[in-house]
Structures are given as C-alpha cells and as structure tokens.
Enquirer: 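Let me begin by handing over the structure; questions about it come next.
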There are 2 protein chains.
Amino acid sequence: MAVRTHQSQRRRQVLTRERIVETAVELLDASGKDALTVRALTGRLATGSGAIYWHIGNMDELLEAAADAVVATALARPAEVAPQDEIRAVALGLFDAVAEHPWLAAQLAAQLIRNPWGPVTLRIFESVGRPVSALGVPRDDWFTTTSTLVHYVLGATAQTSQRADGFEVDRAEFLATASRAWRDLDPDDYPFMRAIADQMREHDDREQFLTGVNLVLTGIAALHIKGD
Amino acid sequence: MAVRTHQSQRRRQVLTRERIVETAVELLDASGKDALTVRALTGRLATGSGAIYWHIGNMDELLEAAADAVVATALARPAEVAPQDEIRAVALGLFDAVAEHPWLAAQLAAQLIRNPWGPVTLRIFESVGRPVSALGVPRDDWFTTTSTLVHYVLGATAQTSQRADGFEVDRAEFLATASRAWRDLDPDDYPFMRAIADQMREHDDREQFLTGVNLVLTGIAALHIKGD
DNA sequence: ACCTGAACACCGTTCAAGT
DNA sequence: ACCTGAACACCGTTCAAGT
C-alpha cells in the first residue's frame with residue numbers, strides 16, 4: 001500500500017488515453033468545443049503535443065471518444081420496467097446529458113453524419129431498440145421503428161441543447177423575445193409561425209420533447225401493435 | 001442594351017454578397033466544407049480577403065447564408081394537394097437536398113444547435129407547419145406536432161446524408177459490411193443490433209425515411225384527429 | 001464606398017531527438 | 001515504448017493603405 005502510494009506520487013500520473021479523454025471532457029464542459037485544443041491539453045496535462053498524439057490518432061478521434069464516454073454513462077442503466085417507460089427513460093437520459101454537456105449536441109450530430117454507424121450511434125440504437133423489441137412490434141419492423149425514434153430524439157435534443165444554462169429568467173426572456181419576433185414576421189411568408197407565436201412563449205422544452213416521444217410511440221402502437 | 005453589356009464586360013462582375021454565397025455553394029458542393037476557405041474564395045473571385053469581409057461578417061455567416069439559399073430552393077414549391085402529401089413532399093425535398101449537397105447536413109445541424117430559431121429553421125418549420133395546420137390538428141397542438149415532424153426529418157436526413165455518392169454497388173457493399181459487423185458484435189452488449197443485422201443489409205434509406213414520416217403522421221392522426 | 005494584401009494570432013499535426 | 005517541443009503548413013480575421 002505504502003509502496004503503491006509512493007510510486008504513484010513519484011511518477012505523479014501516467015499519461016493514458018483515458019486520462020486524455022477525461023481531461024478533454026473537462027475542457028469541453030468548462031468552456032465548449034473551441035476550448036479543446038491540443039495546446040490546452042498539453043497545458044493541463046503538463047506534457048507535449050507529441051505525447052497526446054502517441055495516445056490518440058487525432059482531434060476527431062478524441063472528440064468521438066469524449067462523446068462516447070459521456071453517452072455511455074448517460075445510457076448505463078438497469079433494464080427498466082415497462083418497455084414504453086424504458087424508451088422514455090433512455091430518451092430523457094440523452095436529453096439531459098446534452099443539457100449538462102452543451103458541446104455534446106454538435107458532436108453527436110457530427111458523428112451521426114460522418115460515421116452513421118459509429119460506436120455512439122450503435123449504443124443509442126441498442127438502448128432504444130431493446131425496449132422496442134419488447135414492445136410487441138413485429139421483428140421485421142424493429143429497424144425502421146427504432147430508427148424513427150432515434151432520429152426524432154437526436155433532432156429534438158439538437159434544437160433544444162442550448163437552453164439558457166442556469167437561469168429560468170433568461171429562458172422566459174428568450175422565449176418572449178422569440179415569440180415577439182415571430183409575431184412580426186411577414187404574414188404572407190410566415191402565417192404558420194405567427195399563428196404559433198403564443199405557444200412558443202409558453203412551451204417547455206423538456207415537456208414538449210416527451211410529448212413528441214409519446215406521439216411517436218402512439219404511431220408505433222397504431223401501426224404495429226395488434227389489438228390496441 | 002449594348003451599353004449594359006459593355007459595362008458588365010468592362011467591370012467584369014461586381015463583387016456582391018450573392019456572388020460570394022453562390023461561389024461558396026459551388027466550393028462546398030465540389031469539395032466539401034473544408035474546401036470553403038477565404039483563400040479559396042479570393043482565388044475563385046479574383047479578389048482579396050478584405051473584399052470578402054466587406055460583404056460578409058465572417059465564415060459562419062457565409063455558411064448560414066449558403067445553407068439558407070439551398071434550403072430556400074429546395075422548399076420553394078407550389079402549395080400541394082392533400083396536407084399529408086404536402087408534408088411528405090417537404091420532407092423528401094429536404095432529404096434530397098441533403099443528398100445533393102452533402103455538406104448541408106452538418107450545416108443544418110450546426111445552425112439548429114447554435115441558433116435554434118434562425119432563418120433556415122424558421123423556413124423548415126413554416127413549410128411543415130402549414131400543411132400540419134391544414135390537417136385538422138387542434139390549434140393548441142400545432143407547435144408540438146410540427147416540432148416532432150421537423151425533428152424527425154432533421155435527425156433522419158443527418159444520418160442518411162452520406163449515402164455513397166453515385167454507385168449503387170458501393171452502397172450494397174457498405175450495407176453488407178455494416179450488416180456483417182453487427183453480426184459480430186458482442187451478444188451480451190448488442191443483442192438488438194445483431195437481431196436487425198439482416199434488415200440493415202436489405203433496407204433502403206429513402207424508403208425507410210418515408211416510412212418514418214408515415215409513422216409520425218399516423219401518431220398525429222391517432223392522437224389529434226378526431227374520428228379517425 | 002469598396003477593395004488590396006501583408007501581417008497577426010491562432011490552429012492541428014509531424015518528426016528528429018531524447019529517455 | 002513513450003515523450004519532448006520546435007517547426008511546418010495551414011487557418012480566419014484585421015487593418016493601414018489605396019482608389
């Protein structure tokens with residue numbers, strides 16, 4: 001024990017891939033994507049740029065690993081009760097993870113686009129697909145049904161990822177400003193946006209997100225679950 | 001007339017914001033996002049960097065304008081027949097625009113995240129929301145219903161934006177490879193992905209996209225349209 | 001008003017050299 | 001095997017200077 005402690009004190013901390021990813025997440029959480037630079041990493045880790053590149057291939061790979069680490073944590077949960085509740089829990093898990101890590105939304109989108117079946121996407125599909133298959137949906141519809149749910153969840157989390165961090169006051173102000181802006185749009189070009197300006201002012205992102213999940217679940221039940 | 005031609009020949013082409021945006025779209029279409037640099041623009045337009053910055057604020061603004069131009073074209077259509085068909089047409093319009101302009105997916109995502117109610121998002125919401133309101137959905141549900149549709153469409157177009165440009169052969173190969181990879185996943189960690197590996201090999205992106213739109217439309221009908 | 005283009009302050013990444 | 005850190009080849013953006 002004493003020896004172990006002594007050793008780790010002497011060598012301080014070994015530079016590992018994990019420690020780099022961890023530090024990357026810290027930098028991203030603290031100051032956003034632009035703050036994650038190789039130079040910032042070498043500063044925090046008291047090392048040189050070559051050391052970083054010894055452990056990770058490049059910046060994209062590091063961002064991918066950071067996103068995967070956060071998503072894995074967000075989705076690591078015991079199997080839930082009813083499949084529908086499990087789906088809602090997974091969806092909210094992602095929604096809240098993106099709220100806590102604002103950089104995550106852009107990173108999820110980037111990976112979905114660049115590498116549509118990379119580890120992060122796979123993880124999300126698996127987490128949503130498992131309860132979908134327990135829902136009574138015919139096997140042939142598992143892929144399409146799960147895709148629809150996942151795509152909705154990712155689209156929705158993207159748009160609502162920048163909710164005013166912290167103050168509910170800011171949030172209300174933001175909604176009121178947007179609502180007013182929609183009222184002032186050209187009636188010929190934007191009749192619909194003007195019509196929903198009031199709903200914009202009063203809506204709650206998280207609640208609306210769940211309503212959307214339920215809407216998709218209703219569609220799934222109506223289309224695929226017999227005798228419902 | 002002759003004078004006009006003469007003038008435009010003499011001054012060649014005036015540098016305008018539109019011409020810069022146009023050239024930006026050309027560069028993006030030809031070689032992707034990394035190819036759009038201020039230096040590439042000055043080369044093509046035979047001008048200096050300061051001239052670019054005289055007309056546009058910065059690179060982000062240029063990307064936003066490029067996306068808006070492409071989306072505006074993709075969504076500019078006469079009012080369609082039945083609302084459901086109109087919704088499908090708008091969705092496919094975006095889907096195909098992203099297929100034609102692969103850089104657009106990432107740009108739409110970036111703007112959705114950075115500026116959730118910017119001009120592009122507004123345009124898309126309006127195009128989807130108008131037929132939604134004609135669908136018989138109660139007014140109070142217009143915002144939520146339209147959001148669900150739009151979020152699904154954006155999530156789905158993002159993941160399927162990188163379909164092998166050109167050759168269907170490549171596409172089949174890509175699907176087969178992914179399908180095989182899923183088969184080889186850890187059975188404990190990824191039972192669902194393994195179960196749908198066959199569906200992956202045989203699915204068609206565009207068809208699956210439309211199936212998803214129909215699923216959401218079914219949910220809307222079941223929840224909000226009385227006597228259906 | 002509109003444009004030029006050198007200069008500035010950054011990047012990610014590489015690589016000879018060290019241990 | 002693992003790390004150092006100077007050097008390279010890029011970026012976006014600014015700004016004094018021109019017309």
Side-chain angles (χ1 to χ4, degrees), chain A residues 7-28 30-68 103 106-107 110-111 113-115 118, chain B residues 7-28 30-68 103 106-107 110-111 113-115 118:
Chain A
Q7 264 196 351
S8 65
Q9 272 181 347
R10 233 185 43 207
R11 305 196 51 189
R12 211 55 196 219
Q13 285 187 288
V14 203
L15 191 61
T16 61
R17 190 186 152 94
E18 275 111 51
R19 217 156 80 75
I20 296 174
V21 172
E22 227 171 76
T23 309
V25 172
E26 286 171 19
L27 285 168
L28 288 163
S31 325
K33 179 175 169 164
D34 289 350
L36 178 60
T37 66
V38 173
R39 283 164 180 81
L41 280 172
T42 59
R44 278 238 191 176
L45 293 166
T47 183
S49 57
I52 304 291
Y53 282 92
W54 178 261
H55 292 280
I56 63 143
N58 57 39
M59 211 55 186
D60 271 1
E61 192 187 312
L62 179 55
L63 277 163
E64 200 166 323
D68 196 43
W103 54 274
Q107 188 51 31
Q111 288 178 222
I113 290 164
R114 194 178 317 131
N115 184 9
Chain B
Q7 264 196 351
S8 64
Q9 274 181 345
R10 235 184 43 207
R11 306 196 50 189
R12 211 57 194 215
Q13 284 187 286
V14 201
L15 190 61
T16 60
R17 189 187 152 93
E18 276 112 48
R19 218 155 81 76
I20 296 173
V21 173
E22 226 170 74
T23 309
V25 172
E26 286 171 19
L27 285 168
L28 289 163
S31 325
K33 177 172 171 166
D34 289 350
L36 178 61
T37 65
V38 173
R39 283 163 180 83
L41 280 172
T42 58
R44 278 239 191 176
L45 293 166
T47 184
S49 58
I52 304 291
Y53 283 93
W54 178 260
H55 291 281
I56 61 143
N58 56 39
M59 211 54 184
D60 272 0
E61 191 186 312
L62 179 56
L63 276 163
E64 199 165 324
D68 196 43
W103 53 274
Q107 188 51 32
Q111 287 177 224
I113 290 164
R114 195 178 319 130
N115 184 10

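Note that these values count all heavy atoms, side chains included, but never hydrogens, waters or copies made by symmetry. So you know, we letter chains A, B, ... as the sequences are listed, proteins then strands, and number each from 1.
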Enquirer: Report the distance from atom NZ of K33(A) to atom P of dC11(C), rounded to the nearest whole Å.
Expert: 14 Å

Enquirer: Can you give the dot-bracket line for DNA chain D, using ( ) for pairs inside the strand, [ ] for pairs that cross earlier ones, | for pairs with another strand and . for unpaired bases, where Watson-Crick and G-U count if both distances are under 3.5 Å?
Expert: ||.|||||...|||||.||

Enquirer: Does any part of the side chain of L45(B), heavy atoms only, come nearer than 4.5 Å to the side chain of I52(B), both counted from C-beta?
Expert: yes

Enquirer: Taking only the side-chain heavy atoms of S49(A) (C-beta and beyond), determine which of dG5(D), dC11(D), dT14(D) contains the nearest atom.
Expert: dG5(D)

Enquirer: Are L63(B) and L28(B) close enough, and set up right, to give a side-chain contact (heavy atoms from CB on, under 4.5 Å), and what steps lead you there?
Expert: CA-CA 9 Å; L63(B) 276 163; L28(B) 289 163; 4.2 Å; yes

Enquirer: Give me the residues of residues 50-59 of chain B where at least one heavy atom lies under 4.0 Å from an atom of DNA chain D, by number, or none.
Expert: G50(B), Y53(B), N58(B), M59(B)

Enquirer: Give the rounded distance in Å between these two atoms: CZ of R39(A) and C1' of dC11(D).
Expert: 12 Å

Enquirer: Would you kindly compare T37(A) and G48(B) by the position of their nearest DNA chain C nucleotide and give the one closer to the 5′ end?
Expert: G48(B)

Enquirer: Using whole Å, report how far CG of L41(A) lies from P of dG12(C).
Expert: 9 Å

Enquirer: Under 4.0 Å, counting only non-hydrogen atoms across every strand here, what does L36(B) touch: a base, just sugar-phosphate, or nothing?
Expert: sugar-phosphate

Enquirer: To the nearest 0.5 Å, how far apart are CD in E26(B) and CD in E22(B)?
Expert: 6.5 Å

Enquirer: So do the side chains of N58(A) and E61(A) get within less than 4.5 Å of each other, counting heavy atoms only?
Expert: yes

Enquirer: Which heavy atom in Q107(B) sits nearest to a heavy atom in E64(B), and how many Å separate them?
Expert: NE2-N, 3.8 Å

Enquirer: CD1 of I20(B) versus C1' of dC2(C): gap in Å, rounded?
Expert: 11 Å

Enquirer: Check side-chain contact (heavy atoms from CB on, under 4.5 Å) between A51(B) and all other residues, then give those that pass, not counting sequence neighbours.
Expert: L15(B), T47(B)

Enquirer: CG of D34(A) versus P of dC11(C): gap in Å, rounded?
Expert: 9 Å

Enquirer: What's the verdict on side-chain contact (heavy atoms from CB on, under 4.5 Å) for K33(A) and L36(A), showing C-alpha distance, side-chain angles and the deciding distance?
Expert: CA-CA 6 Å; K33(A) 179 175 169 164; L36(A) 178 60; 5.7 Å; no

Enquirer: Any donor and acceptor pair, going by atom type alone, linking the side chain of R17(B) with main-chain N or O of I56(B) inside 3.5 Å?
Expert: no

